[in-house]
Number of protein chains: 2
Amino acid sequence: MTDLDVGGKLRAVRQMQGISQRELAKRAGVSNAIISLIEQNRTSPSVGLLKKVLAGVPMSLGDFFAGELTPRRQVFFAADELTEIAGRGGLSYRQVGRDLTGRALQILHERYAPGADTGETLLRHDAEEGAVVIRGRLEVTVGDQRRVLEPGEAYYFDSRLPHRFRNIGEEECEVVSACTPPSF
Amino acid sequence: MTDLDVGGKLRAVRQMQGISQRELAKRAGVSNAIISLIEQNRTSPSVGLLKKVLAGVPMSLGDFFAGELTPRRQVFFAADELTEIAGRGGLSYRQVGRDLTGRALQILHERYAPGADTGETLLRHDAEEGAVVIRGRLEVTVGDQRRVLEPGEAYYFDSRLPHRFRNIGEEECEVVSACTPPSF
DNA sequence: TAGCCATGATCAAGAAAATAGACAACGGCG
DNA sequence: CGCCGTTGTCTATTTTCTTGATCATGGCTA
């Protein structure tokens with residue numbers, strides 16, 4: 001956990017202005033005690049209060065928190081932490097990672113219930129994709145090619161070719177796929 | 001008072017991710033109720049809590065508050081709101097405005113007690129300055145020029161010239177000066 | 001040196017916020 | 001239609017913050 005240290009930052013800002021806790025408190029219209037407590041990180045001020053305090057400097061919340069870095073991106077994902085992005089009609093696409101903006105790769109753990117189908121209207125997007133079938137049987141149609149893949153078999157094609165997936169077996173079908181870039 | 005609308009912003013960010021209050025709450029490790037309350041601006045979350053919530057997005061506090069503008073700069077100042085920047089040995093320099101970084105002008109309300117003196121070591125800085133004497137008598141030395149100014153009289157010179165001020169009268173001397181830029 | 005004032009820290013009491021759980025509204029599906 | 005899960009909101013209780021007052025410390029002045 002990145003420690004936030006609002007206190008240290010506030011103290012730095014205040015001392016940069018060369019004013020006392022009491023002076024800042026008076027300007028901001030809050031009690032002097034709270035300035036002391038905040039600077040010692042003995043309390044976590046509400047956003048509203050911090051804004052009031054910073055108005056006494058004056059400084060915006062944006063400036064105050066500038067330099068806060070985005071929390072480290074998640075590297076490992078439990079099975080139930082994958083993000084469901086399809087989840088209808090026997091189709092489940094569970095994506096590795098929540099927000100893929102700025103990322104180069106989309107990885108999905110796909111499950112097709114028996115009879116599940118991505119639909120007559122063939123898919124197209126400007127990317128490349130591939131996958132390995134883990135369990136069950138998956139009928140894959142790409143352009144004018146069609147094949148039923150068994151566990152251990154795989155596919156890889158240019159996503160601009162129209163394509164379609166169907167589980168034509170009696171058993172659930174499980175696939176792990178990758179796509180790049182994630183232009184959805 | 002600029003209304004902060006943390007709630008609206010949080011709701012926007014959450015919906016941008018297409019997740020529910022409960023989902024965000026689970027990711028952030030907080031109760032779902034608090035997300036609802038925050039989004040309705042019915043509570044003002046602590047900085048720590050907001051950071052936790054945003055970690056579930058994920059987003060940094062800096063990004064969240066980016067776009068918050070600095071509170072309007074103070075335009076009017078009561079006499080006791082001027083900032084004392086000298087305040088020793090019968091000398092009082094009271095500045096208009098707290099923090100002059102980024103500003104082009106320093107304006108001082110100066111008072112010299114009888115006998116007060118800016119010192120033998122002559123002042124120098126890279127600016128220009130001028131002033132009007134309001135009350136009392138002030139001896140001003142600039143380079144090789146010296147003169148005693150009476151109320152209503154004034155001076156203006158290049159601050160790179162060595163200079164010195166003294167109250168040689170029996171009465172307190174009051175001056176309003178301006179200096180540009182405020183390179184102290 | 002003693003007095004005075006400013007500063008920062010601390011405390012008990014009151015005011016808010018955070019939590020867990022319950023509730024009504026909505027939509028999907030058999 | 002009734003069932004079920006999800007959603008957002010609301011309520012009672014616990015937790016935390018916020019305040020005004022008080023304390024210890026240090027600098028300045030007389």
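Convention: sequence-line order gives letters A, B, ...; per-chain numbering from 1. From a predicted model like this one, the values you see are computed outputs, not experimental measurements.
The distance from atom CD1 of A:I34 to atom P of D:dG20 is 11 Å, rounded to the nearest whole Å. C:dT10 atom P lies 11 Å from atom CD of A:Q21, rounded to whole Å. The interatomic distance linking B:L50 (CG) with D:dT16 (P) rounds to 18 Å, in whole Å. As a whole-Å value, the separation of A:E23 CD from C:dG8 P is 11 Å. Between the C1' atom of C:dA9 and the CD1 atom of A:I35 lies a distance of 14 Å, rounded to the nearest Å. A straight line from CZ of A:R22 to P of D:dT19 spans 14 Å, rounded to a whole angstrom. Residue B:L49 contributes atom CG, which lies 13 Å from atom C1' of D:dC17 at whole-angstrom precision. In this structure, A:L37 places its CG atom 14 Å from P of C:dA12, rounding to the nearest Å.
For the side chain to side chain contact (heavy atoms under 4.5 Å, CB included) with B:V148, the qualifying choice from B:R166, B:E153, B:E139 is B:E139, the only one to do so.
Remark: B:S36 is not in phosphate contact with D:dG8, judged by side-chain N or O atoms under 4.0 Å from OP1 or OP2. Dashed line: the shortest gap from a side-chain N or O of A:Q40 to OP1 or OP2 of C:dG8 is not under 4.0 Å.
Interatomic distance, B:I38 CD1 to B:L10 CG, rounded to the nearest 0.5 Å: 6.5 Å.
A:I19 is listed as a side-chain neighbour of A:R14, based on a closest heavy-atom distance under 4.5 Å.
Remark on DNA chain D: of its neighbouring residues B:S46 and B:S20, the 5'-side contact belongs to B:S20, judged by nearest-heavy-atom nucleotide. Nearest-nucleotide positions on DNA chain C place B:R42 closer to the 5' end than the other of B:R42 and B:N32.
Comparing C:dC11, D:dG8, C:dG8 by their closest approach to the side chain of A:A33 singles out C:dC11. Of the candidates D:dA21, D:dG8, D:dT18, D:dT18 carries the atom nearest the A:P45 side chain, counting heavy atoms from C-beta on.
Ring geometry, A:F165 versus A:F157: the interplanar angle falls from 30° to 60°, so the pair is classed tilted.
Contact detail for B:V140 and B:Y155: the closest heavy-atom pair is CG2-CD2, 4.2 Å.
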